[in-house]
Peer 1: 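Have a look at this one before I ask anything.
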Amino acid sequence: MMSARTARVLMQSGRSARLAAPLRPLHRSLHSNPKYEYTKASFTGFLKWSAIFAGATAFAFYTVDSRSAIHQYIALPILRLCTDAETSHRLGIEILANGMSPKQRQEDNEIDPNHLLEVTIFANSKRPLTLRTPIGVAAGLDKHGQAIDGLFGLGFAYVEVGSVTPEPQDGNPKPRFFRLPKDDAVINRYGFNSEGHFAVMGRLKQRLLHALGHEQPQHEDTRHSLDKNKVLAVNLGKNKTGDEVSDYTQGVTRFANLSDALVVNVSSPNTPGLRALQGEERLAKLLTAVVAERNKVQFANTYTPILVKIAPDLSESEIVSIAAAAKQSKIDGIIVSNTTIQRPEHLRSQPYLSAETGGLSGAPLKPIALKAIKTLRKNIGDEITIVGCGGISNGKDAIEFARAGATFVQVYTALAYQGPGLPVHMKQEIVKELNGKKWVDIIGADVDVKKE
Ligand SMILES: Cc1cc2nc3c(=O)[nH]c(=O)nc-3n(C[C@H](O)[C@H](O)[C@H](O)COP(=O)(O)O)c2cc1C
C-alpha cells in the first residue's frame, strides 16, 4: 500500500497528475483526519527538538573539553580583540574561579598509561612529593588564590598561587600588562598587585573547609592540593615599602600550614630593589631566616619545602652565588626563571610595545631561561629540585628544559595564547617524544655537572 507521504508528494508534484488521481481520496481522507494531523505535527516537533537538543549537548560537550579548538582559535582571539590584556586576565580568572572553564576530559592514566611522566620533586628533602605529570602553572596567573581548582581541572599537577604580599597593595598604575602577539610574548609591570596575606589565607582555609569539613588537613599525608599526585604552592612577595626579611618570614608563618610548598620570590623586576636580594649574602640571610621560620611554625610531622625563584638576567658568577646560598640555607628548590628585563633584538612586535617597561615573558624568554638553568644545573647537580619556567609552549620545550636540569616545568604566557588545552597537549606530546623513556631519565641529560 502507498504511504500518505508518497500520495502527498505525487499530488503536489503536478507532473504525475494522472498517476496521482486515484490517490486523491486517500490523501484527502488522511488529511481530514485530525488524529493524523496531530500525530504528524507532534512527530515533526519531536524530531526538531531532538535535533536541537542533540546538537546543543554535543556542542556543550565539545566546549567543556579543554582540548577543543574553539578555545584557542575562536574564544581567545575574540577576547584579545575585544579586551585589553588585564581585562582578559581578570575574565579568565573569573571563569576558572566559578567552575565555568573547560576541563581535561581524559584521565592522566589514559594519556600516560605507563606512568612515564610521573616524577618525585624535592627528592632529597624530608618531604618528597610525587607529581603525576611534570606540568605546572607559574605564579602571577592566580595571584589571589581564586582559581586553584579550575587550574587543577585543566590538567596541571602543580599550581602556584601569588605572589602574595603581607599587606594589600594596588601595584603599578594601569595600563601595566601588554600583549606582543607577533612574538607570542607579553610584558607586565603589575608590581605585585595583591589582596594581601589575610585575604588569600581566608580563601585557602575556606577551600579546605569546603572540601574536608575543617580548615587543616588532619593527616600529615594530606596535601593542600587535595590530591596525592598534585601540589599547591604559595609564592611570597614583598610589599613595595616592606621589610626584606620579615615580609617573607610573615608569609611563612601564615602559609606554611596552608600549602604544600612555599616560594620566595626575589626576582620580580617590578618591585624596586627586589632583585638585589639575589646577592649571595643577602639571599643566604633571607633564606636562612625563612627556613628557620618554617621549622618553627611547621606542625609536627609535616614539612613544607621552600623554593626560591630567580631572574633569568644573571651572570654565571651570580648563579653560582645563588647556588651557594641555596645550599647553605638548605632550601629545597629553585625556580628558573621569572620574566626578563632584556629585549632580544629579534622581537617582531612594534617598537613602542617592546619598549614598555616591565618583565618580558613567553617565547623570547626561552633561550635566556634555558641558559640560566643549564648554568645552575652545572653548578648544583641534582642536590636541589630545579623548576623550569620561561617561554615553554609545548611538549618539546618542556623536554628541552628537563634535559637542561628541570625536574618539572611551569607555564604562563603560552596558556594565555593557547588556552585551556595547553597542559593536555603538552602531556600528549611529551609522551610521544619520550618514545617509551621515562621523564625522570632525561632530567639533566644535556648538562655535565661540575666536579667539586
Ligand atoms: C602577567 C604576569 C604576572 C606575573 N606575576 C608574577 C608574580 O606575581 N610572581 C612571580 O613569581 N612571577 C610572576 N610572573 C612570572 C611568571 O610566573 C613566569 O615566571 C614568567 O612569566 C615566565 O614564564 P612564561 O614565559 O611561561 O610566561 C608573572 C608573569 C606574567 C606574564
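Numbering of ligands and ligand atoms starts at 1, following listing order. Because only heavy atoms are used, hydrogens play no part in the values below, and waters and symmetry mates are left out as well, while side chains stay in.
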Peer 1: Would you please test V186 and F177 for side-chain contact (heavy atoms from CB on, under 4.5 Å) and show each step?
Peer 2: CA-CA 7 Å; V186 295; F177 190 14; 3.6 Å; yes
Peer 1: State, with a plain yes or no, whether a side-chain heavy atom of Y248 is found less than 4.5 Å away from one of V266.
Peer 2: yes
Peer 1: Could you pull out every protein residue that has a heavy atom closer than 4.0 Å to ligand 1, ordered by chain and then number?
Peer 2: A138, A139, G140, K143, G162, S163, F177, V186, N188, Y190, N235, N265, K309, S337, N338, T339, S361, G362, L365, C389, G390, G391, V411, Y412, T413
Peer 1: Centre of F255's six-membered ring, under 6.0 Å away, within 45 degrees of the axis: is that where NZ or CZ of R294 sits?
Peer 2: no
Peer 1: Would you tell me whether N109 and H115 have side-chain atoms, one donor and one acceptor, within less than 3.5 Å of each other?
Peer 2: yes
Peer 1: Side chains of S163 and N235: donor-acceptor distance under 3.5 Å anywhere?
Peer 2: yes
Peer 1: The criterion is salt bridge (charged side-chain N to carboxylate O under 4.0 Å, His left out); which residues satisfy it with D227, sequence neighbours excluded?
Peer 2: K230
